[in-house]
Trainee: 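Got a structure here, written out as structure tokens. Questions coming.
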Number of protein chains: 2
Amino acid sequence: MNGKATTIRTRLERGRSALGPALELVHTGRAPTRAVLTAELGVTRATAGAVAAELEALGLIQVDSRPGAAAGSQGRPSHRLAVNDSGPVVLAAQIHADGYRAALVGLGGRIVATAPGRKTVSADPAQVLGAVVDAGARLLRESGRRCVGAGLAVPSAVAEPEGTALNPLHLAWPAGSPVRDIFAEQVREAGITGPAFAGNDVNLAALAEHRHGAGRGAQHLLCVATGHRGVGGALVVDGRLHTGSSGLALEVGHLTVNPDGRPCYCGGRGCLDVETDPLAFLTAAGLAPGPETSLLQQSRELLRGQYGDPAVRAACEELIDRLGLGLAGLVNILNPDRIVLGGLHRELLDADPQRLRAVVADRSLWGRSGGVPILPSTLDHNSLVGAAELAWQPVLDDPLAALAASQTPA
Amino acid sequence: MNGKATTIRTRLERGRSALGPALELVHTGRAPTRAVLTAELGVTRATAGAVAAELEALGLIQVDSRPGAAAGSQGRPSHRLAVNDSGPVVLAAQIHADGYRAALVGLGGRIVATAPGRKTVSADPAQVLGAVVDAGARLLRESGRRCVGAGLAVPSAVAEPEGTALNPLHLAWPAGSPVRDIFAEQVREAGITGPAFAGNDVNLAALAEHRHGAGRGAQHLLCVATGHRGVGGALVVDGRLHTGSSGLALEVGHLTVNPDGRPCYCGGRGCLDVETDPLAFLTAAGLAPGPETSLLQQSRELLRGQYGDPAVRAACEELIDRLGLGLAGLVNILNPDRIVLGGLHRELLDADPQRLRAVVADRSLWGRSGGVPILPSTLDHNSLVGAAELAWQPVLDDPLAALAASQTPA
DNA sequence: TTAGTTTGTTTAGTAGCGGCACAAACTCAG
DNA sequence: CTGAGTTTGTGCCGCTACTAAACAAACTAA
């Protein structure tokens, strides 16, 4: 009964319907040649060729004459299909505990230019976001590239469709700040073309890992990460973020992983949040956390440098057991086919992969027969690249419409 | 790199692409007239008319001349669009602790004919499934209707794509029984046309509730139910079952809801499974469960008949608190926009809806501001109807192909 | 050199859908 | 009772994205 017709998309809007899927295949590197593009789309060679030509005409992809397929195959060599290196870009912005970062990101998830993060902290989101957008606008001017959108990653749950940050951790922003609208406003004022989006940083990191990192090819990708305090989760299903009905899904921090654990502000005790974050690690290792460097940095140095120390090792194993219990619970509920860990959790995995995999397999119901692959994240700045993915999405969904929209800022 | 082209569907296969979506709208009662079908599909009136005509020609829907819209509106009255009452049916089968049940189900989820369940229990799945299929085949012969598929609901997790029952509770079947293949074989041997499917009963109940019951219109529907022992969960996202990467998602029984609780076979303690099922309720109420009637039946009678009894009431409140904690955990992870409860959980909700809603709102992170609607299931035999939905799905996805396939049994 | 294989392009031809005009069936005002 | 307004249903035309099939191109292998 809702007026909007969201039921069918593909066939009803004019223009080539295969344009978006084709671009996504090139964007994620799954279509290196026209031949595999043909197979992957399930269309005839004629159509795939026309689609590729149109994407090339739009300036989104480029075709090299160099052979794209593996050498040694017989038959006529295929031409290489790749993202246009000098095509349009999107503005990606990330706010984190220590400051912010702005970047221009092209198709394929390639970071074209970056503005170094600065340690500026303000209780006013508009001020911080204004600074990031300014940095981004400067990058855009310097590069002279066309911009088709902007994406923002924040360390907070972002409610949809309002675009408000419900719990901006370590940012001192007021809860419920309309970050998406503030960001969009700043972007518009800076003269940057295209729509603006905002999302949770772990969600966006998961999106990036799925398209360009350790999550490539996974159908149900679960990501769990912890940076400074608290634990974030994300799920990517069939290439799309699963954010629940209002963007608040995968709030995994309050799974009980230690019945006798320390109390948590949520009202429970022994939550994943307070049992597996860097602070928990440092205290388990018997260290008073120093304020000079970040908790994650301290934990990382400890794990990499002094893993021989029995106290450090014991703390590591304790956290692995707790994390494994939490992951097992998530496996039971979400049944992913791959898990990618970031932040301190990634370090814990690197330190003792066997133990973590064993705990997860042992405590998940069906894990005994096989178990889910657990991998460390592989992408640098994955939240930033994920923010770019958010901005690229309209282009991937409908290149013609998105490019036309960003051409006329209206 | 998988050969199959699953990327695009709609525009590439021949035939009207709006046929499936249109049938689904009529099937779920969301398109009572051609006019709203037009709006809902987002096509022109001409196209919607043609689509409706083709569906009618296929014998799937019927158009009455009686006005379909609400009276009192001006303009030309619309014709009523409805499912064809004498059209094809599917065979739905359900296995439960006390026996089995077979039924013929038409479009719209209407049960056309039922064969009474019988108390036959065997350790051989082939024997029990053979009996259900025989009963179904008898129904089909008596009705003379055309059959386009068969669906089976079993009280067990069903692994995909193998179609094996991993933990057939209270059935004494060997774990890992290939129920889908056994069922399909029996269906084929009985001369029943169309493909055969199998699924977990709670999953299928959720699907049915979403399409024809308390879950209608929900985007992210979470269902939780307990029948005899153990707790089942299911999630329906955008009208499709979310079963994870291998059909094993929503195994919610082992969320920790009572740190000091009784030990569970999973290795943990205080799991939802052992803290909120009928056995837990009866023991909490101080009763030794009698073997004569089912545990759910006993619990239900106790709750409805002796709710005044302090012990019963205390047991009820204890279970509500535990269930609420579990639901809150699921809300944090899945962020549904509606929750539907079945079995004993439904009874608990009916007994004290205020208390359950309060607990869930209090213990879920974002629940304090609003809270998710929690409703009791409304459909009789929802697992059975859900099994039928499974069988209808190919027809809803592509009516032309599905009907053609079931015509020629090959 | 010739056959075989894979890739890319050109040429019809088909069909689904949008756009538009028109017809049908009602309500409401006067 | 009549005509204007409104909503619904249908017939016709044209566009265009697609398939199909033949052809051309660029390699390998014998």
Side-chain angles (χ1 to χ4, degrees), chain A residues 3 5 7-22 31-57 61-81 398-401, chain B residues 3 5 7-22 31-57 61-81 398-401:
Chain A
T7 324
I8 322 185
R9 274 263 168 264
T10 5
R11 198 160 207 154
L12 306 178
E13 58 212 12
R14 312 296 286 188
R16 286 184 193 280
S17 73
L19 222 51
T33 74
R34 260 180 287 222
V36 317
L37 181 66
T38 302
E40 213 71 22
L41 288 176
V43 298
T44 58
R45 288 202 299 274
T47 307
V51 165
E54 191 163 349
L55 287 177
E56 192 181 17
I61 71 171
Q62 53 192 10
V63 292
D64 287 359
S65 304
R66 302 172 309 178
S73 63
Q74 30 175 349
R76 174 175 170 174
S78 55
H79 295 175
R80 172 163 230 60
L81 242 49
D398 189 341
L400 279 174
Chain B
T7 323
I8 323 185
R9 275 260 168 264
T10 5
R11 199 162 207 150
L12 306 178
E13 60 210 12
R14 312 297 285 190
R16 289 184 191 280
S17 73
L19 223 51
T33 73
R34 260 180 286 222
V36 316
L37 181 66
T38 302
E40 213 70 21
L41 288 178
V43 299
T44 58
R45 287 202 299 275
T47 307
V51 165
E54 190 162 350
L55 287 177
E56 193 182 16
I61 71 170
Q62 53 193 10
V63 292
D64 288 357
S65 304
R66 302 171 311 176
S73 64
Q74 28 176 354
R76 173 176 171 173
S78 54
H79 296 175
R80 172 163 228 67
L81 242 50
D398 189 341
L400 279 173

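These numbers come from the heavy atoms of this one structure, side chains and all, not from hydrogens, waters or symmetry mates. Below, chains carry the letters A, B, ... as their sequence lines are ordered, and counting in each starts from 1. Small disclaimer: the values here were computed from a predicted structure and weren't measured.
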Trainee: Looking only at heavy atoms, which two atoms of B:Ala52 and B:Ile61 are closest? And how far apart?
Mentor: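 For B:Ala52 versus B:Ile61, the nearest heavy atoms are O-CD1, 3.7 Å.
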Trainee: Mapping A:Ala35 and B:Val51 onto DNA chain C by nearest heavy atom, which one lands closer to the 5' end?
Mentor: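 Taking each residue's closest nucleotide, the earlier one in sequence belongs to A:Ala35.
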Trainee: Just checking B:Ala46: base, sugar-phosphate only, or nothing, at a heavy-atom cut-off of under 4.0 Å?
Mentor: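 Base: the residue B:Ala46, judged by heavy atoms under 4.0 Å, touches a nucleobase.
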Trainee: What's the CG-P distance between B:Asp64 and C:dA25, to the nearest Å?
Mentor: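 That distance rounds to 17 Å.
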Trainee: Report yes if some heavy atom in the side chain of B:Pro32 is under 4.5 Å from a heavy atom in the side chain of B:Leu81; otherwise report no.
Mentor: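 When only atoms from C-beta onward are counted, B:Leu81 and B:Pro32 do not touch, as no gap falls below 4.5 Å.
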Trainee: Looking only at heavy atoms, what is the nearest atom pair of B:Pro21 and B:Leu41, with distance?
Mentor: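 Looking at all heavy atoms of both residues, the shortest contact is CB-CD2, 3.8 Å.
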Trainee: Measure CG/B:Leu37 against C1'/D:dT10 and give the value in whole Å, please.
Mentor: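 Computing the B:Leu37:CG to D:dT10:C1' distance gives 15 Å.
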Trainee: Output the rounded distance in Å from NE2 (B:His79) to C1' (D:dT10).
Mentor: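 After rounding, the gap between these two atoms is 12 Å.
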Trainee: Decide yes or no for B:Glu54 and B:Leu400: does some side-chain heavy atom of the first lie under 4.5 Å from some side-chain heavy atom of the second?
Mentor: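 Yes, side chains in contact.
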Trainee: Without decimals, in angstroms, what is the distance between A:Arg80 CZ and C:dT7 P?
Mentor: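 That distance rounds to 14 Å.
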Trainee: Expressed as a whole number of angstroms, how long is the span from A:Asp398:CG to D:dA17:P?
Mentor: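 Between P of D:dA17 and CG of A:Asp398: 12 Å.
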Trainee: At less than 3.5 Å, do the side-chain atoms of B:Arg76 and the base atoms of D:dT7 form a donor-acceptor pair?
Mentor: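 Answer is no: no donor-acceptor pair is held.
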Trainee: Looking only at side-chain N and O atoms, does A:Thr44 come under 4.0 Å of OP1 or OP2 in D:dA20?
Mentor: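 No.
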Trainee: In whole angstrom, give the distance that lies between atom CG of B:Leu19 and atom C1' of C:dA15.
Mentor: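 So the two atoms are 14 Å apart, to the nearest Å.
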Trainee: Would you mind telling me which of D:dT19, C:dC17, D:dG9 lies closest to the side-chain atoms of B:Thr47?
Mentor: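 Nearest to the side chain of B:Thr47 among the choices is C:dC17.
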Trainee: Give the nucleotide from the list C:dC17, C:dT5, D:dA26 with an atom nearest to the side chain of A:Gln74.
Mentor: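 Of the candidates, C:dT5 comes closest.
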Trainee: Using a 4.0 Å heavy-atom cut-off across all strands, classify B:Arg45 as base, sugar-phosphate, or nothing.
Mentor: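 Base: the residue B:Arg45, judged by heavy atoms under 4.0 Å, touches a nucleobase.
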Trainee: Answer yes or no: does a side-chain N or O of A:Ser17 lie under 4.0 Å from OP1 or OP2 of D:dC18?
Mentor: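 Yes, such a contact exists.
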Trainee: Relative to the 5' end of DNA chain C, which residue comes earlier, B:Gly75 or A:Arg34, by the nucleotide with the nearest heavy atom?
Mentor: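 So the residue in question is A:Arg34.
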Trainee: With a 3.5 Å distance limit and no angle check, can you tell me whether B:Thr38 reaches the backbone of B:Arg34 through a side-chain donor-acceptor pair?
Mentor: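 Answer holds: yes.
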